Every structure is written in C-alpha cells, then in structure tokens.
Amino acid sequence: MHLILTGATGLVGSGVLDAMIKMKDVSKISILSRRPVPMVEDAKDSRINVIIHKDFSKYDPAVLDQLKGAQGCVWALGISQTQVSKEEYVKITKDYALAASEAFQSLTSDDQNAPFNFVYVSGHGASTAPPGRFTPIFSRVKGETEIALAALRKQNPLLHASSVRPATVDCSAHAAIKPYVPTPPLVYRMIFPVLLAPMRVAMPGLHSPTLELGRFLTEMAMGKHPVTAPAPDVEMIGDFPILENAAFRRLGKVGSS
C-alpha cells in the first residue's frame, strides 16, 4: 500500500515514519517535506520517496503524479501557536490540510470505488464547539479544520477523512526516533520527565507514546480501525470521526496486557 506522510521531521511525524518503515504491508512511502529528512537518509529504504515541496497550499501535476496511486495519508504537519503569527498558524494548521485533502481525492482514480484515508493529526483541547472569548487559537483553528474536513467527507464519501487528537506526546521509550526529533526548550526538558511518571499512572488517558501512536495513525491511513458511531471518547460529525487520545489508546490497545 502506498501512503503519504507530512510532518516527517516533527515529533509525531517521526513516530509515524518509523511505523511505516516497519510495516511490510506499506509498499511505498511518499513524504512531502520542505527539506531533506535525516531519518530517511539513514534508513536507506527504497520504498521512500521524499518530495521537496515548498508550497503546501497547492499541488501541481508534477507533484500529484508522484503521489498517484496512494491510498492514504497521515497529515502530521503542524506548528505551535507560540512560534508563528495567528495568520501563519491558520495557514499551516488549517489551510494546508484542506488544500491537501482536496487535491489528494483524485489519487486513487484508477479504482473508482477505492476510498482515500486522510488522517488529520489534531490535538487534545481542540474543539468543534462555537469558540468563546477566551478560546485558545489552537483549539478554535484545529476544530474549524475538523469541521471543514467533515464537510469535505460529506461531499465525497470516498474521502475517508478522520481526526485524531493526541495529548502528551512522549518519545522517551522510542529509541529509533530519538536522534531525529526536534530538541524541546530547556524548561520543557527539565519539567517533562518529572511530570511524566505520575501522569502515566494518574492520567494515562492523556499519555501519547510515539511508538504506539505512530503505528495507530499508520493503520488508520491503511483503512484500519474504522469508527462509525460516537462514544465517550469519539465525536462524530456525520461520518467524520474525531478520536480523543483515550480512543487512540483504547482502539490501539495501548497499555493493555
């Protein structure tokens, strides 16, 4: 199966890339990136094609031709709202994802009945409810993106768009990606290990280990873990499922013996 990945140099994307490399059922991995991906250079895996793509708001025929035949995508491209302006955050978080989901609908055209699985990596705290005066930008924008993706899925039932909301993403037990993930700020590096251990025990539903998260997101892009009904940890907008972190852990059997 041919899968697409964005955000491959980030924390979540690195976990997804490692999972894709390890899965024998993944026959081709197309990575859209603004720059070379060190993990790919070290992996030396012939299945991976890194497409240097500078403008994620549009996809010309040359790019789409390299993606032709793909059946799924993990959209892990993102940035912290503290690192860019509000306008840039909306562009990266919302506009880029919607542009891709629209462009990718034609990739499986050889089989008119084949769905395309578009998995949007959202985040804990995102909300599809009407924003209030004090609603954080990330919550509103990610929620707006989910609503827009739900509308696209309604327009095209073969676009199997979905959203997953990881919480505290943790790569401490994922040795394969540690050399490649971005270095967090010093304060974060000091505080995170102290808080992680008690959180795993007291609030496991907020823990998102990259090893399991990467595998789960990849499997969703392959069409596994279909969700068709709401649950305490799943919101449905029509046929569009939004999985909270607890749903990822439940369906992915994270922490189960």
Side-chain angles (χ1 to χ4, degrees), residues 4-17 31-35 37 51 53-59 63 67 72-105 116-155 159-169 181-182 184-185 188 206 208 210 213-214 216-218 220-221 235 237 240-245 247-248:
I4 300 168
L5 173 63
T6 66
T9 58
L11 179 57
V12 173
S14 294
V16 174
L17 177 55
I31 297 175
L32 292 167
S33 178
R34 286 194 178 90
R35 58 185 183 275
V37 181
I51 303 168
H53 190 57
K54 298 295 186 180
D55 187 355
F56 282 83
S57 66
K58 58 185 179 182
Y59 295 84
V63 172
L67 301 176
C73 170
V74 176
W75 191 265
L77 180 68
I79 195 167
S80 169
Q81 68 177 44
T82 63
Q83 294 180 274
V84 292
S85 67
K86 177 182 176 181
E87 292 73 19
E88 192 70 12
Y89 183 76
V90 172
K91 181 191 297 184
I92 295 170
T93 304
K94 179 181 177 182
D95 297 347
Y96 287 172
L98 297 180
S101 62
E102 292 181 1
F104 295 172
Q105 294 181 56
F116 186 87
N117 303 297
F118 188 90
V119 184
Y120 177 67
V121 180
S122 183
H124 178 71
S127 175
T128 57
R133 183 177 179 182
F134 300 106
T135 302
I137 294 174
F138 86 90
S139 176
R140 175 178 63 80
V141 176
K142 286 183 179 292
E144 289 176 351
T145 308
E146 291 169 339
I147 293 171
L149 287 170
L152 286 174
R153 178 162 182 166
K154 184 177 181 179
Q155 293 171 11
L159 175 64
H160 286 193
S162 59
S163 179
V164 180
R165 294 174 172 175
T168 306
V169 181
V181 298
Y188 182 91
L206 295 180
S208 309
T210 54
L213 180 62
F216 182 78
L217 293 171
T218 300
M220 286 197 69
E235 177 185 352
I237 304 178
F240 178 81
I242 301 172
L243 282 64
E244 295 289 352
N245 195 68
F248 138 62

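Atom set for the values below is all heavy atoms of this structure, side chains included, hydrogens, waters and symmetry mates excluded. Model, not experiment: these values are computed from the prediction.
By the 4.5 Å heavy-atom criterion applied to side chains, Pro166 and Asn245 are counted as neighbours. For the pair Val181 and Thr210, the minimum side-chain heavy-atom distance is 4.5 Å or more. Side-chain contact between Leu243 and Met220 is present, with heavy atoms from C-beta onward closer than 4.5 Å. In this structure, the side chains of Ser101 and Leu149 come closer than 4.5 Å at one or more pairs of heavy atoms. For the pair Leu32 and Leu77, the minimum side-chain heavy-atom distance is 4.5 Å or more.
Ring planes of Tyr59 and His53: parallel class, angle under 30° (limits at 30 and 60°). In this pair, Phe56 and Tyr96 present their aromatic rings tilted. The plane angle is within the 30 to 60° band.
The two residues Ala8 and Ser14 make their nearest non-hydrogen contact at O-OG, 3.4 Å. Nearest heavy-atom pair across Gly13 and Leu5 is O-CD2, 3.8 Å. Nearest heavy atom pair, residue Ala126 against residue Gly143, reads CB-N, 4.3 Å. Of all non-hydrogen atoms in Ala161 and Arg153, the two that sit nearest each other are O-NH1, 2.9 Å. Nearest heavy-atom pair across Ala97 and Tyr120 is CB-CE1, 3.8 Å. Residues Arg165 and Thr128 come closest through the heavy atom pair NH2-CG2, 3.9 Å.
Rounding to the nearest 0.5 angstrom, the gap separating the CD atom in Glu87 from the CG atom in Asp95 is 11.0 Å. Residue Lys54 holds its NZ atom at 9.0 Å from CZ of Arg35, rounded to the nearest 0.5 Å. Summarising the geometry, atom CD1 belonging to Ile137 is positioned 10.0 Å from atom OG1 belonging to Thr93; distances are rounded to the nearest 0.5 Å. Expressed to the nearest 0.5 Å, how far CD1 of Ile31 lies from OG1 of Thr9 amounts to 9.5 Å. Atom CG in Leu217 sits 11.0 Å away from atom SG in Cys73 (nearest 0.5 Å). Annotation: the span from Leu159 atom CG to Leu152 atom CG amounts to 6.5 Å, rounded to 0.5 Å.
One N or O on the side chain of Ser139 and one on the backbone of Gly125 form a donor-acceptor pair closer than 3.5 Å. With Glu235 contributing its side chain and Ile242 its backbone, the two residues share no donor-acceptor pair below 3.5 Å.
Counting non-hydrogen atoms of neighbouring residues, nucleotides and ligands closer than 6.0 angstrom, the NE2 atom of His124 reaches no more than 12 such neighbours.
Tested against Val164 for a side-chain contact (heavy atoms from CB on, under 4.5 Å), the candidates Val74, Val12, Val119, Val121 yield a single pass: Val119.
Contact check on Arg140 versus Glu144 returns a salt bridge, with a Lys/Arg side-chain nitrogen under 4.0 Å from an Asp/Glu carboxylate oxygen.
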